[in-house]
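Remarks on the structure that follows.
Labels below follow one simple rule: chain letters A, B, ... track the order of the sequence lines, proteins then strands, and each chain is numbered from 1.
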Amino acid sequence: MPIFELAALPQKGFLMCLAIPLKLISIDGVNAVGESLGMQRKLRVDFIPEPKVGDYVIVHAGFAIERLPEAQALEDIEAWEDVQDALG
Amino acid sequence: MPSAEEILRAIAALPLGRVNLMEVCGTHTMAIAKSGIRSLLPENVKLLSGPGCPVCVTPGEVIDAVLSLAMDPKIIIASYGDMLRVPGSTPGDSLQRRRALGARVEIVYSPVDAVELAEQNPDKEVVFLGVGFETTAPGTAAAVLTARDRGVRNFSVWSMLKLVEPALRALMAMPDFNVQGFLCPGHVATIIGEKGFRFLPAEYGMPAVISGFEAEDILLSVYLLLKQIAGGEPRLQNEYTRAVSPEGNTRAQLTLSACFEPRSDLWRGLGEIPASGLGFRRELRCFDAEKRFSVVLPAARPTACRCGEVITGRLSAAECPLFGRRCTPEDPVGPCMVSSEGACAAAYKYQSI
Ligand code: SF4
């Protein structure tokens with residue numbers, strides 16, 4: 001029973017509590033790029049100790065606030081994919 | 001995790017009278033409305049929304065002051081999108097309307113974007129509207145430190161940042177407060193840790209569960225709260241262990257306190273609460289927009305909006321006489337109908353389908 005509307009996300013300026021985890025695909029100091037469901041996004045990783053490419057993180061207003069265990073992250077992303085499919 | 005049906009059966013089996021539970025997180029507000037959890041729970045269990053929507057807790061006089069500042073031709077206001085349609089005390093007035101009148105207002109996704117906007121516009125002053133709770137505050141602080149390190153002098157932050165604990169204490173001190181358990185905000189807890197909510201059972205005997213954001217998370221957390229209440233043993237439980245540790249994110253906490261310190265602040269519906277907001281530390285006050293532009297708040301002007309009662313759990317959205325009539329997401333009277341995390345917006349969006 002996933003709850004959020006993915007389709008509405010990219011246009012929104014206010015992703016205060018974005019629950020979808022991003023996977024880090026590149027890191028340059030405190031700047032990183034994360035990806036989820038084919039969507040890429042710049043973010044800062046200041047608050048994550050030793051971030052690594054492949055880590056899953058929860059992002060809040062442009063900052064990763066916590067790392068998620070991979071299994072959990074994949075489960076959350078799957079839930080999001082369901083929504084995306086449902087919304088066509 | 002047990003299935004929704006199993007959790008609901010377990011809830012129905014608990015020996016309970018009337019119980020009010022409160023969530024204090026805009027994302028929980030939305031998730032609860034969207035998932036229809038309210039209608040699945042037994043009739044004696046009510047879920048109320050608390051002061052968890054950052055835009056909604058910002059009082060009207062602050063919005064009015066932002067609207068006046070936006071008209072200064074040398075200023076660019078940088079804001080999260082939710083703030084744009086929040087009405088001031090004059091019906092129809094908002095940053096969006098001011099933009100149509102010539103004010104420069106830019107939507108940003110991260111406070112760092114606002115620093116970059118300042119770098120791209122050296123002849124303007126960029127004022128970032130820093131709304132949010134402990135989750136947003138560390139990033140806002142990091143952006144200020146970035147501006148300092150890069151020598152960006154035309155950037156400042158209007159801090160409307162707020163802390164959850166003092167608001168919960170103020171709520172519980174209200175004479176008509178009638179809530180028997182708190183669903184604690186998972187992302188705030190990611191930053192401040194389980195320790196940030198231990199005061200609820202320890203000092204107030206108040207059951208508390210830190211909850212994640214999927215419907216199952218919320219349902220399970222509701223069950224854990226009800227079980228505590230039925231058993232008469234209040235404590236703090238953490239349902240969101242996948243992201244929340246006992247101590248929280250210490251790096252984020254350190255960044256926050258390198259930039260900000262607690263100060264007395266005004267809340268919609270709760271009034272002035274000591275040490276409930278975040279102001280600049282002395283050494284970074286040059287980035288304080290309120291100081292830089294000598295902001296003076298206008299007197300509060302009453303409006304017909306009852307958001308103040310809605311975000312303190314005293315009124316449900318649908319009980320507001322304007323709800324769905326004079327006040328709709330297209331033509332909002334108060335912030336609770338505008339914000340994607342507001343209780344009135346959630347109720348409007350998901351009752352009608
Ligand atoms: S329905 Fe509109 S006017 Fe009534 S409390 Fe909600 S936002 Fe305010």
Side-chain angles (χ1 to χ4, degrees), chain A residues 1-6 8-22 29-34 39-51 55-80 82-83 86-87, chain B residues 4 25-28 30-32 34-37 53-55 79-84 106-113 131-133 135-136 138-140 142-143 145-146 185-188 190-191 212-219 242-245 248-255 339-341:
Chain A
M1 214 193 312
I3 351 187
F4 300 92
E5 281 176 18
L6 192 66
L9 288 180
Q11 302 92 315
K12 277 209 183 151
F14 198 76
L15 301 177
M16 300 277 301
C17 299
L18 180 53
I20 183 169
L22 293 184
V30 293
N31 296 300
V33 177
M39 188 169 81
Q40 289 194 0
R41 178 141 266 170
K42 283 195 313 180
L43 67 145
R44 291 262 301 248
V45 288
D46 312 35
F47 308 140
I48 306 294
E50 293 166 38
D55 282 351
Y56 287 89
V57 290
I58 307 175
V59 181
H60 193 91
F63 282 79
I65 56 168
E66 202 50 82
R67 217 189 299 258
L68 269 193
E70 178 168 4
Q72 181 56 56
L74 291 176
E75 210 173 283
D76 284 2
I77 289 173
E78 205 178 304
W80 283 77
D82 279 357
V83 190
L87 295 171
Chain B
C25 164
T27 310
H28 282 157
M30 257 341 198
I32 289 168
K34 178 154 189 188
S35 61
I37 288 176
C53 152
V55 169
S79 171
Y80 299 121
D82 260 27
M83 208 58 180
L84 258 68
E106 300 283 340
I107 295 179
V108 293
Y109 155 73
S110 154
V112 180
D113 297 343
V131 296
F133 296 103
T135 335
T136 336
T140 311
L145 300 175
T146 299
H187 288 144
V188 169
T190 301
I191 302 293
F213 299 93
E214 300 296 327
E216 288 90 340
D217 288 321
I218 294 172
L219 206 50
R242 54 190 196 262
V244 176
S245 64
N249 188 325
T250 33
R251 284 181 179 227
Q253 291 166 17
L254 285 172
T255 304
S339 172
S340 60
E341 304 183 44

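Side-chain N or O atoms of B/Asn249 include one that pairs as donor or acceptor with a backbone N or O of A/Phe47 at under 3.5 Å.
Distance NE2/B/His187 to CD1/A/Ile65: 5.0 Å, rounded to 0.5 Å.
Both the backbone and the side chain of B/Thr190 come within contact range of chain A, with heavy atoms under 4.5 Å apart. Proximity to chain B is limited to the side chain of A/Phe63, based on heavy atoms less than 4.5 angstrom apart.
Looking at A/Arg44 and B/Thr146, their side chains come closer than 4.5 Å, going by heavy atoms from C-beta outward.
Taking all atoms of both residues into account, the shortest heavy-atom contact from B/Pro111 to A/Ala61 is CD-O, 3.5 Å. Closest of all the heavy-atom pairs between B/Arg242 and A/Leu68 is O-CD2, 3.5 Å.
Annotation: salt bridge (Lys or Arg N to Asp or Glu O under 4.0 Å) contacts of B/Asp113 (sequence neighbours excluded): none.
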